[in-house]
Amino acid sequence: MTTRVRFAPSPTGYLHIGSARTALFNYLYARSTGGKFLLRVEDTDLARSTEESTRSILDGLAWLELGHDEEIVFQSNNADKHRAAALRLLAEGKAYRDFTPKEAPVQGNIKDAIKERARAEQGETTMRDNPYRDLTREESDSRAAAGEPFAIRLKVPVEGRTAFDDQVYGIQERDYADTEDLVLLRSDGHPLYNLAVVCDDIEMEITHVIRGQDHLTNTHKQILIYEALGVTPPTFAHLPLILAPNKGKLSKRKHGEIVSMTTYRDAGFLAAAFRNFLALLGWSAGEEQEIYSLDELVEKFTLEGIHRSNAMFNFHPDDPRKWTDDKAIWFNAEYIRTMPLDELLPFVKAELRSAKLWREEYDQAGVAMSADIPSTADLGPDGRPATVAAAIQEIGSRDWLIRTLDAIRQRFFTLKDFSNQGRAYFSEDFDFDPAAVAKNLSKFPDLQTWLPELADRFGSEFGSQTETGAVATDKAFTESEIETVVKAFTEEKGTKLGVIMNGSRTLLTGVGVGPSMLTVFEIVGLDRTLTRLRSQIPWNL
RNA sequence: GUCCGGUUCGUCUAGGGGUCUAGGACACCGCCCUUUCACGGCGGCAACACGGGUUCAAAUCCCGUACCGGAUACCA
């Protein structure tokens, strides 16, 4: 039998991290068993469901690349079938009409009100003392015919218990006495959750229900419905919950966008990295590996590897540097710096493009400077072309882009960093970090004259314009040549190399961190290096 | 209240009676590398909730307690 699983969110908000992980696990289970991953939107709560939520959830799933099979099922479309099922159970005597007038909706905190009521009723009533439970069929029919409103409740047997073997939590048993005669159909004819879920899962031929642990006790009710309907229940696997830092349940209302999937997408997270993070929140393959590709996850995923204890998602909304879980950030950084460049490139392209930093020339591989690409005979000892400078200095070239991205990504955390911290590599319009200016420039006033002098030196050494006129040489602006020049210059000034390098870094990139300064000179290129070394802007800040 | 579930470093976790003076990862802290650094290398700090059993032997099995979580609705 082919396994068929479903992800069934209710569209009452965006896709949050807990639901996303449920979707992931369903997806992984389907793929690992060669089954189908279905999607069902549980939009039966008309008051709270919105189309916008549905779209947001779909966006989140698309971002995570959790593609579903078959058509999306909208639960509200099946209301007639749900009603028919309830009516059938009524006709068969497995459910009954409850003529008790509907209670007024509670004010304030619903959860508290329910808890309070449950506590108050404790000991005074049993689950089976509804006065309408044993009404004769004739009387029930005639009251209904007379137009008296009623809800339909399941007639839970007095003696016995429900039992199922949860694939994560093991054997679960519950006495019927602990389950109320749940409402199947509201007095306005609206079918309720437990009924709708069971009917749809039957219709969709779901074989494995994989969902949050908050449904563990609902399962007993659902099994009762399966039994009444005469259908064998599917296999159940409940997932531990993902908790907020206060160990409370993750809530869209309370925790806001920080738990929304789209927040991570928009913050420059890579779907692959976030998926990896999510997979390890409540599941493990029992080994020490941390980085898993989607294929590896599919290959290694088992229900046995799912944990029973809840996990905490450690976000800090007030800390800009660590606004979300450390490990999520680490995964993202790890992916950014180790992913094959050609896989990373499309994401960087999108980021640069949205920041208006992308140039169409980046797409044209090697055309502009094909004449300058060195032959293999020119490879230096480090395996890099010794005379590559001409090619990589062509700012509009793909080669330059690749080299630059590879150098700067080593210290980046999100895709956003390419357009923020990395801005100076792609644009003349960048800001200076005051801390870097203070630490690397203001502390050494001599640099205000030295660095323009260094620009002149570069100009005369590498053949570009100086303030006194054009000089042409054939020396390439490459790391080793640059190093020679900078070292000589530093000695002349009787200062330390670090002073010159860090001052240059700040002037060239606006920030205090980055790759080796020699690399930075090279990828910023001679022309821009000269201009920026002469810039007086940061000195006047 | 009742029912159900859970409890290993701050966090994510490995562990299924002896190989556990409890392993890995993130974070944190040192040292190294170095022109900076949030890269890299090396090292450090840090946990079996508590109490009883069972056993030659328990983080691992059983019972109790505590704490945490979930459910308890004519919401989903």
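Here is the naming used below: chain letters follow the sequence lines, and residue numbers restart at 1 for every chain.
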A:Arg153 (side chain) and B:C74 (base): donor-acceptor pair under 3.5 Å: no
Sub-6.0 Å ring centroid separation between A:Tyr425 and A:Phe418: no
Any A:His238 side-chain nitrogen or oxygen under 4.0 Å from OP1 or OP2 of B:C4: no
Separation between the C1' atoms of B:A58 and B:A49, rounded to whole Å: 16 Å
Closest to side chain of A:Gln172, choosing from B:G69, B:C12, B:G5: B:G5
Contact under 4.0 Å: A:Ser187 side-chain N or O vs B:C74 OP1/OP2: no
Sugar-phosphate only, base, or nothing, as touched by A:Pro515 at under 4.0 Å among non-hydrogen atoms: base
Step-by-step side chain to side chain donor-acceptor pair (under 3.5 Å) determination, A:Asp326 to A:Asn314: CA-CA 7 Å; A:Asp326 283 332; A:Asn314 224 338; over 6 Å; no
Touch class at under 4.0 angstrom, heavy-atom based, for A:His220 against every strand present: nothing
Euclidean distance, atom CG of residue A:Asp325 to atom P of B:U11 [Å, nearest integer]: 11 Å
Shortest side-chain distance from A:Lys102, nucleotide among B:G6, B:C75, B:A38: B:C75
Side chain A:Asn218 and base B:A76 donor-acceptor under 3.5 Å: yes
Centroid separation A:Trp283 to A:Phe301 less than 6.0 Å: yes
Candidate nucleotides B:U35, B:A76, B:C4, ranked by approach to the side chain of A:Arg48 - the nearest: B:A76
Flag for A:Ser53-A:Thr50: side-chain donor and acceptor within less than 3.5 Å: yes
Mate of B:A27 where both pairing distances stay under 3.5 Å, Watson-Crick or G-U: none
Base-pairing mate for B:C9 - Watson-Crick or G-U, with both contacts under 3.5 Å: none
Side-chain donor/acceptor contact of A:Ser516 with base of B:U35 under 3.5 Å: yes
Closest nucleotide among B:G70, B:G16, B:U35 to the A:Leu497 side chain: B:U35
Sugar-phosphate, base or nothing in reach of A:Lys221, heavy atoms under 4.0 Å: sugar-phosphate
Exceeds 12 heavy-atom contacts within 6.0 angstrom, atom CD of A:Glu51: no
Phosphate-side-chain proximity, A:Lys111 and B:A71, N/O vs OP1/OP2 below 4.0 Å: yes
Heavy-atom protein contacts under 4.0 Å, nucleotides 40-45 of chain B, coded B base, S sugar-phosphate only, - none: S-----
Test ring pair (Phe, Tyr, Trp, His ring centres under 6.0 Å) applied to A:Phe164 and A:His220, step by step: CA-CA 8 Å; A:Phe164 64 97; A:His220 291 284; 5.1 Å; yes
